[in-house]
Amino acid sequence: MESINFGIKGFEKLFDGKRGIRKGSNVLIYGKAGCGKTIFSLEFIYKGAVEFNEPGVYVSLEGKKDNIISQCEQFGWNIKKLIKEKKISFVSMNLTDINRDFATTIYEEAKKIKAKRIVIDSLSLLTLSPIFIKDSGQFSLLHKDKIYPGKNPSQFIYNLINILNDCGTTNLYLTVPGEKEEVTKDGVSEYVCDGIIHLKTTSLGKSFLRLMEITKMRSASVRGGIYGFEINDEGLVIE
Ligand SMILES: Nc1ncnc2c1ncn2[C@@H]1O[C@H](COP(=O)(O)OP(=O)(O)O)[C@@H](O)[C@H]1O
Ligand SMILES: [Mg+2]
């Protein structure tokens, strides 16, 4: 089994040294807004391209391409050069652009640049796409021409994860907690994914701590425990 190197400083501390995250895994990056999911995943894509010769596709439903690029530049990551060299591809979409071809569009983009990494930012936003509207307890279609495989967001996400799994890439799916007791809003990604990395913040006097915990990771030897991390000028560092 080959493990993937995320390229995030100190990330190896979360494993006991024998088996990290298997290449080809589907991993949920889980946590409330502002906890660092986007920066974590951008670094995963950037480091993959510059340090490990693993091209990556970053799909954003949250932000415009230019904003994402300038966010990367804050950390000194020369993303524009990597885009030119076809080592990184950014796909930015509005929720209204999402249709049944969403998964295959990403799949084809991944094949084009021979991607080894894919990020979907985020699943939770995807569930809010207007292709899903509630109609007397059932989900139905807003636009007939936007028929998607699956009757509701959970099936759509289930299909998405399965299709992207066929790429053989290591995939990160970003998501926020659901209401009440559910782990996620879609109720399915936490079961389908091989792993869950939970990011959170906690108040400490007048400041706060950023925390990371792996709560599930198939076939990896996870050390267990909660680790503090920082976001500094160069990206993430696990303490
Ligand atoms: N250049 C930076 N240096 C330090 N911290 C930063 C920088 N840019 C963003 N942050 C911190 O990262 C947080 C946002 O992280 P982000 O990955 O966008 O969260 P999420 O995607 O989980 O909503 C911000 O709240 C901010 O505190
Ligand atoms: Mg984000």
Side-chain angles (χ1 to χ4, degrees), residues 6-11 14 26-50 56-80 82 88-95 97-98 102 106 117-129 153 157 160 170-179 182-186 189-190 193 195-216 226-239:
F6 271 48
I8 289 168
K9 274 196 201 116
F11 192 62
L14 279 74
N26 293 290
V27 179
L28 209 58
I29 309 297
Y30 172 77
K32 290 182 183 161
C35 67
K37 300 182 295 297
T38 296
I39 296 172
F40 180 94
S41 309
L42 285 171
E43 185 160 2
F44 168 76
I45 290 291
Y46 171 74
K47 292 286 173 67
V50 290
V57 177
Y58 197 99
V59 181
S60 177
L61 308 175
E62 299 203 344
K64 295 251 178 305
K65 205 168 172 173
D66 289 351
N67 294 345
I68 304 169
I69 291 171
S70 51
Q71 196 172 8
C72 291
E73 285 169 346
Q74 277 184 28
F75 299 109
W77 306 335
N78 191 348
I79 294 285
K80 281 185 186 148
L82 294 164
I88 292 182
S89 167
F90 279 110
V91 179
S92 146
M93 273 191 212
N94 289 321
L95 291 186
D97 296 335
I98 290 160
F102 182 70
I106 300 163
R117 304 179 179 212
I118 300 175
V119 171
I120 309 293
D121 187 359
S122 65
L123 291 185
S124 27
L125 212 62
L126 194 56
T127 64
L128 300 177
S129 168
I157 285 169
L160 171 70
T170 306
N171 305 327
L172 305 188
Y173 297 93
L174 280 46
T175 193
V176 298
E179 293 132 35
E182 303 106 333
V183 179
T184 59
K185 280 188 196 295
D186 58 77
S189 51
E190 64 266 39
C193 284
I196 304 175
I197 300 175
H198 191 172
L199 305 184
K200 52 196 157 188
T201 56
T202 187
S203 302
L204 185 72
K206 284 179 183 162
S207 75
F208 70 95
L209 283 176
R210 294 189 184 280
L211 301 170
M212 183 180 297
E213 182 181 16
I214 296 182
T215 51
K216 168 182 175 180
I226 299 178
Y227 294 77
F229 73 94
E230 243 184 36
I231 299 173
N232 65 25
D233 291 347
E234 292 171 11
L236 258 80
V237 188
I238 294 152
E239 288 144 6

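In listed order, ligands and their atoms are each counted from 1. For reference, positions follow the sequence shown, starting with 1.
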Chemist: Answer with side chain, backbone, both or neither: which part of K37 has a heavy atom less than 4.0 angstrom from an atom of ligand 1?
Modeler: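 Both backbone and side chain.
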
Chemist: Can you classify the ring geometry of F40 versus F11 as parallel (below 30°), tilted (30 to 60°) or perpendicular (above 60°)?
Modeler: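 F40 vs F11 ring planes: perpendicular.
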
Chemist: Write down the atom of V57, the atom of I45, and the distance for their closest heavy-atom approach.
Modeler: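 Minimum heavy-atom separation between V57 and I45: O-CD1, 3.8 Å.
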
Chemist: For D233, does the CG atom have more than 12 heavy-atom neighbours from other residues, nucleotides or ligands under 6.0 Å away?
Modeler: no

Chemist: Between F75 and ligand 1, which part of the residue brings a heavy atom under 4.0 Å of the ligand: side chain, backbone, both or neither?
Modeler: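 The answer is the side chain of F75.
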
Chemist: Report the member of L236, T38, I39 with the shortest heavy-atom distance to atom 12 (O) of ligand 1.
Modeler: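 Considering heavy atoms of L236, T38, I39, the nearest to atom 12 (O) of ligand 1 sits in I39.
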
Chemist: Any idea which protein heavy atom is nearest atom 27 (O) of ligand 1, and the distance to it?
Modeler: R210 NH2, 2.9 Å

Chemist: Which residue and non-hydrogen atom of the protein lie closest to atom 5 (N) of ligand 1, and at what distance in Å?
Modeler: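 The closest heavy atom on the protein side is I231 CG2, 3.4 Å.
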
Chemist: So does F75 get a backbone contact from the side chain of E234, meaning a donor-acceptor N/O pair under 3.5 Å?
Modeler: no

Chemist: Atom 23 (O) of ligand 1: which protein heavy atom is closest, and how many Å away?
Modeler: G34 N, 2.7 Å

Chemist: If you count the atoms of ligand 1 from 1 in the order shown, which ones are under 4.0 Å from a heavy atom of K32?
Modeler: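 What qualifies from ligand 1 is 22 (O).
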
Chemist: Report the member of C35, A33, G36 with the shortest heavy-atom distance to atom 16 (P) of ligand 1.
Modeler: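 Shortest heavy-atom distance from atom 16 (P) of ligand 1: G36.
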
Chemist: Nearest to atom 2 (C) of ligand 1, what protein heavy atom do you find, and at what distance?
Modeler: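 For atom 2 (C) of ligand 1, the nearest protein heavy atom comes out as Q74 OE1, 3.6 Å.
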
Chemist: Would you mind checking if K200 and E213 are paired as a salt bridge, meaning a charged N to carboxylate O distance below 4.0 Å?
Modeler: yes

Chemist: Measure from the Mg ion (ligand 2) to each N, O or S atom of T38 and report whether any distance is below 2.8 Å.
Modeler: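 Here the distance criterion (N, O or S atom, under 2.8 Å) is met by T38, so yes.
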
Chemist: For the residue pair S189 and D186, confirm or rule out a side-chain donor-acceptor distance under 3.5 Å.
Modeler: yes

Chemist: Out of curiosity, L211 CG to I238 CD1, how far, rounded to the nearest 0.5 Å?
Modeler: 11.5 Å

